[in-house]
Amino acid sequence: MKAITDIPKRKYDGYVWFSDQKEPVPLIQKEYSFEDTKENPFVIEALLWNEEEKISIMVRHTGKYHIQEFKLKELPTGHELEEKVYLPYRLGDKVKHVCFKQLWIPEEDELCEKMEVMTMKALIFTGFKYSTEKN
């Protein structure tokens, strides 16, 4: 995806944080569209997870948009995912943890006799754990 308006309208868990806001807009299984996003205020950051399709979209703005999309159903052969959870920041009382998965992929390593070693390639947002859930 090259433009933020290319992000499809879907149901997402996650958040969108605009440049003129002190807090992000939490999305909890909420349909969201970026088609009306303007140049100002712009999206500083967005983390989006679609559970149904297992798609994660991460947006960062550093003078221009950087958009990463991960389709967990289409990851490379031999990959491993390791779950990581973090405490939320400004996401309200309902969100207990922000969930990510580390993506590890085997690669040949010159420093290990050209054997394959697991290399972390990405930290992928995978939604929230809610305060009503156990653990």
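Values reported hereafter were calculated over all heavy atoms of this structure, with side chains retained and with hydrogens, waters and symmetry mates removed.
Around atom OH of Tyr89, no more than 12 heavy atoms belonging to other residues, nucleotides or ligands sit under 6.0 Å away. Environment of CG in Asp93: sparse, with no more than 12 heavy atoms of neighbouring residues, nucleotides or ligands closer than 6.0 Å.
Once rounded to the nearest 0.5 Å, the distance linking CD of Gln29 with OH of Tyr12 reads 11.5 Å. In this structure, the separation between CG on Leu91 and NZ on Lys96 is 15.5 Å, given to the nearest 0.5 Å. To the nearest 0.5 angstrom, Leu123 atom CG is 10.0 Å from Leu103 atom CG. The distance from the NE2 atom of His79 to the NZ atom of Lys101 is 9.5 Å, given to the nearest 0.5 Å. In this structure, the separation between CG on Asp6 and CD1 on Ile4 is 10.0 Å, given to the nearest 0.5 Å. Going from atom CG of Leu27 over to atom CG of Leu47 covers 10.0 Å, rounded to the nearest 0.5 Å.
Taking hydrophobic clusters as Ile, Leu, Val, Met, Phe, Trp and Tyr residues chained together by side-chain heavy-atom distances below 4.5 Å, Tyr86 shares a cluster with Val95. No continuous path of ILVMFWY side-chain contacts below 4.5 Å connects Met120 to Val117, so the two sit in separate hydrophobic clusters. Leu87 and Ile28 sit in two unconnected hydrophobic clusters of ILVMFWY residues. Membership requires side-chain heavy atoms under 4.5 Å apart, directly or through other members. Leu72 and Val85 are assigned to two separate hydrophobic clusters, defined by single-linkage of ILVMFWY side chains at heavy-atom distances under 4.5 Å.
For the salt bridge (Lys or Arg N to Asp or Glu O under 4.0 Å) condition, the pairs that include at least one residue of residues 102-117, sequence neighbours left out, are Glu107-Lys121. Applying the salt bridge (Lys or Arg N to Asp or Glu O under 4.0 Å) rule to pairs touching residues 70-82 yields Glu82-Lys84, sequence neighbours excluded.
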Residues 52-62 side chain polar contacts: donor-acceptor under 3.5 Å, at least two apart:
| unit_1 | atom_1 | unit_2 | atom_2 | d |
| --- | --- | --- | --- | --- |
| Glu53 | OE2 | Arg10 | NE | 3.3 |
| Lys54 | NZ | Glu51 | OE2 | 2.2 |
| Ser56 | OG | Phe125 | O | 2.7 |
| His61 | ND1 | Gly63 | N | 3.3 |
| Thr62 | OG1 | His66 | NE2 | 2.7 |

Can I get a per-line list of side-chain donor-acceptor pairs under 3.5 Å for residues 31-45, giving both atom names and the distance, sequence neighbours left out?
| unit_1 | atom_1 | unit_2 | atom_2 | d |
| --- | --- | --- | --- | --- |
| Ser33 | OG | Glu35 | N | 3.2 |
| Thr37 | OG1 | Phe34 | O | 2.9 |
| Glu45 | OE2 | Tyr15 | OH | 2.3 |

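Between the side chains of Asp13 and Tyr130, a donor-acceptor pair is found at a separation under 3.5 Å.
Here the closest heavy-atom approach between residue Gly78 and residue Met118 is recorded as O-CE, 3.7 Å.
A search for ring-ring contact (aromatic ring centres under 6.0 Å, His included) contacts involving Phe18 returns nothing, not counting sequence neighbours. Among residues two or more places apart in sequence or in another chain, the side-chain hydrogen bond (donor to acceptor under 3.5 Å, both in side chains) test is passed with Trp104 by Gln102.
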